[in-house]
There are 2 protein chains.
Amino acid sequence: MKITIRDVANAANVSPATVSRVINTPELVGEETKVKVQETIDKLGFSPNAIARGLSVQKTNTIGLIVPGISDFFFNELYVGIEEVARKNNMKVLLFDSQHSEYRVQEGLTFLKQHQVDGIIFTSRPITSDYDAILSRLDVPVVLALTQSYGTYPLKSFRVDDYKAAYDAVSYLISRGHQRIGMISGPTTDIIAGKTRLTGYKAALQQSSIPISDEAIEYGEFRFEDGYRAMARLLEKQSTNKLTAVFAASDEMAIGAMRCLHDKGIRVPDDISVMGFDDLRICQMSTPTLTTVAQPLKQIGEFAVSHLLKCMEDESTSIDNSIHYVSHHIVERESVRIIVPD
Amino acid sequence: MKITIRDVANAANVSPATVSRVINTPELVGEETKVKVQETIDKLGFSPNAIARGLSVQKTNTIGLIVPGISDFFFNELYVGIEEVARKNNMKVLLFDSQHSEYRVQEGLTFLKQHQVDGIIFTSRPITSDYDAILSRLDVPVVLALTQSYGTYPLKSFRVDDYKAAYDAVSYLISRGHQRIGMISGPTTDIIAGKTRLTGYKAALQQSSIPISDEAIEYGEFRFEDGYRAMARLLEKQSTNKLTAVFAASDEMAIGAMRCLHDKGIRVPDDISVMGFDDLRICQMSTPTLTTVAQPLKQIGEFAVSHLLKCMEDESTSIDNSIHYVSHHIVERESVRIIVPD
DNA sequence: CTGTTAGCGCTTTCAG
DNA sequence: CTGAAAGCGCTAACAG
């Protein structure tokens, strides 16, 4: 049932090599034979074995993608960018979900290595020196998306400037007259999406000489439920000195916070403004729609693949660990109101 | 740099076969050699080439997954189920996004065949006779998820009974006192998620002797924006005889519809009730939260893989085209109110 | 328990 | 322009 290149060769009275040529380098084959071979390929319904080819040419045309969790909403948008430029370059992508586990990340790296991927895109978790050994053994280019390297191993990364993005978000709030601004932060152990954004928040307040208070900060793991609960805690702590705005480190948490507010009968944005981070598709689905700072996820995916392809062609490209900051921007919707000073 | 099984064999003074054995069937190897080989594997950092192995054993431990679009929200939840049971059985999944294009589906099938996947899960688009040729040539088991086969090629499918689910949803609405119930349907060309659910809607109305009116039906492509626009159209047509409830063929459209209502100053559920289909995570994120009929997506994914694995072990399992209906259920949230008859 | 041999399906020199 | 032969890295009989 399984039909191979040899079968085609026999049927067409040529050698396997010739069949291979009409598939891969038809310009090297005489017109007549080309037609003849192509016909028998069609007739027999031959479809070349990509595995065998991969083994032979030592190249799989595959890029490996490690993501922290496929159920995170931002995955979809990132993937779209990655897949698109991969496909345009005849590359496929092999997906690995690390499920937010450090251990699984290691597994993923080994997995992708075993599958001879030609390059790897690593997302979301920061790379520490712990990975030096495994990375150097990998022998394929690796680029980072939405994260960066803190190890000694040089890795190019593509992401927004999370510090600046958070800073800008909070500055935006301040420009709208807000002074008592709370934050629902990611965990500070998450050095990028957690700690860095929190620092940006603090810096923006400081810049405007607004005192920073731990009372105004709560933490969550980026999910809707986390945002909901964090908001509830924030509310409890705020009995006397009420916040007029809350900045969340993810859209999901922002929407969770809005829901919490709603349940307590607090109106957004009338009583309190809410701002998110990411600009996922869900921002338009909440009521009110969510004002947020946008990360161009699709574009980041595109950049990452493009760079990877460059590295794969040209060995020398890979050895820098610069960060390519892709630009963020504020997307105004309905969840923030202007406070007029009285 | 690339280190092979032969390198390990040489370094450990054994044959490649022995190294292969300690990796795959350690029980067949003497304790001493096993230890020795394992040590040199570790020392050299050897990691077996899955491609070569695949070629040799004629099995890749991969299942191919064809989805209509990765940015559809339901993808994530389905994938979680698939990935989980795949992983537990040492299978990986190779993803292919058909991007809602018939042509890309064909490409996907060829792609997966070329990559020698051991089985295929096909989602969402109905299978017609057009696929008979390609499917029979595939030579690997195929199972359907969230769709079914209308061709002559026998294919087992796992999905909810969309007709019954829609019927139940609308009956639920009726039980809450609604009589003038509109529908935002998928396109009728989509035989499963479109036409079948619409039929369920009509049947439920009929059952309660409620007249069916085209005035009360609008169509969309399952997206938020489609729901929004469909609702707007529905509103225009309804100037005289107002609807008290709307049933949408997807959660996204339902949420879009609610947004439209919100923008027009119509309250949900006070003025009009809304019900969705799917029970995605976003249902809890809208305000009001969305009452819906749940498809157990994760479970469907699990079932599909499990069945596929069974087919792969036992050739005989595959040849039936039965439909395994997984049970749906209504999830009550806030978007439907009870109408007390006056 | 371990080594030898052949071969998975394809590509790629190297001749002709 | 085409064919023969070797080999990609691994596994699977088959001997021993």
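Below, chains carry the letters A, B, ... as their sequence lines are ordered, and counting in each starts from 1.
- Look at A:T18 and you won't find any side-chain N or O under 4.0 angstrom from OP1 or OP2 of D:dT2.
- Taking atom CD of residue A:Q114 and atom P of nucleotide D:dG9, one finds them 15 Å apart after rounding to whole Å.
- No donor-acceptor pair closer than 3.5 Å links the side chain of A:T25 to the backbone N or O of A:E27.
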What nitrogen or oxygen pairs link the protein and nucleotides 12-16 of chain D at under 3.5 Å?
{"residue": "D:dA13", "atom": "N6", "partner": "B:R21", "partner atom": "NH2", "Å": "3.3"}

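- To the nearest angstrom, C1' of C:dG9 lies 9 Å from CD of B:Q116.
- Note: CD1 (B:I3) to C1' (D:dC8) measures 16 Å, nearest angstrom.
- Classified by interplanar angle (parallel below 30°, tilted 30° to 60°, perpendicular above 60°), the ring pair A:F73/B:F73 is perpendicular.
- When atom types are taken as modelled, the side chain of A:T62 and the backbone of A:V93 share no donor-acceptor pair closer than 3.5 angstrom.
- Here the C1' atom of nucleotide D:dC8 and the CD1 atom of B:I5 are 14 Å apart, to the nearest Å.
- The distance between atom CG of B:D7 and atom C1' of D:dC10, rounded to the nearest whole Å, is 13 Å.
- Checking A:S15 against A:T18 by side-chain atom types alone, a donor-acceptor pair falls below 3.5 Å.
- Between B:F111 and B:F96, the ring-plane angle classifies as tilted under the 30° and 60° cut-offs.
- For the salt bridge (charged side-chain N to carboxylate O under 4.0 Å, His left out) with A:K298, the qualifying choice from A:E83, A:E84, A:E77 is A:E84, the only one to do so.
- A salt bridge between A:E107 and A:R104 is present, with a side-chain N of the basic residue lying under 4.0 Å from a carboxylate O of the acidic one.
- Rounded to an integer number of Å, the gap from CG of B:N10 to C1' of D:dC10 is 15 Å.
- Comparing D:dG9, C:dT2, C:dC10 against the side chain of A:P48 picks out C:dC10 as the nearest.
- Following rounding to the nearest Å, B:N61 (CG) and C:dC8 (P) show an atom-to-atom distance of 20 Å.
- Judged by closest nucleotide on DNA chain C, B:V14 is the one of A:R6 and B:V14 placed further toward the 5' end.
- Rounded to an integer number of Å, the gap from A:I51 CD1 to C:dC10 C1' is 12 Å.
- Between C:dT11 and A:Q58, no contact under 4.0 Å exists linking OP1 or OP2 to a side-chain N or O.
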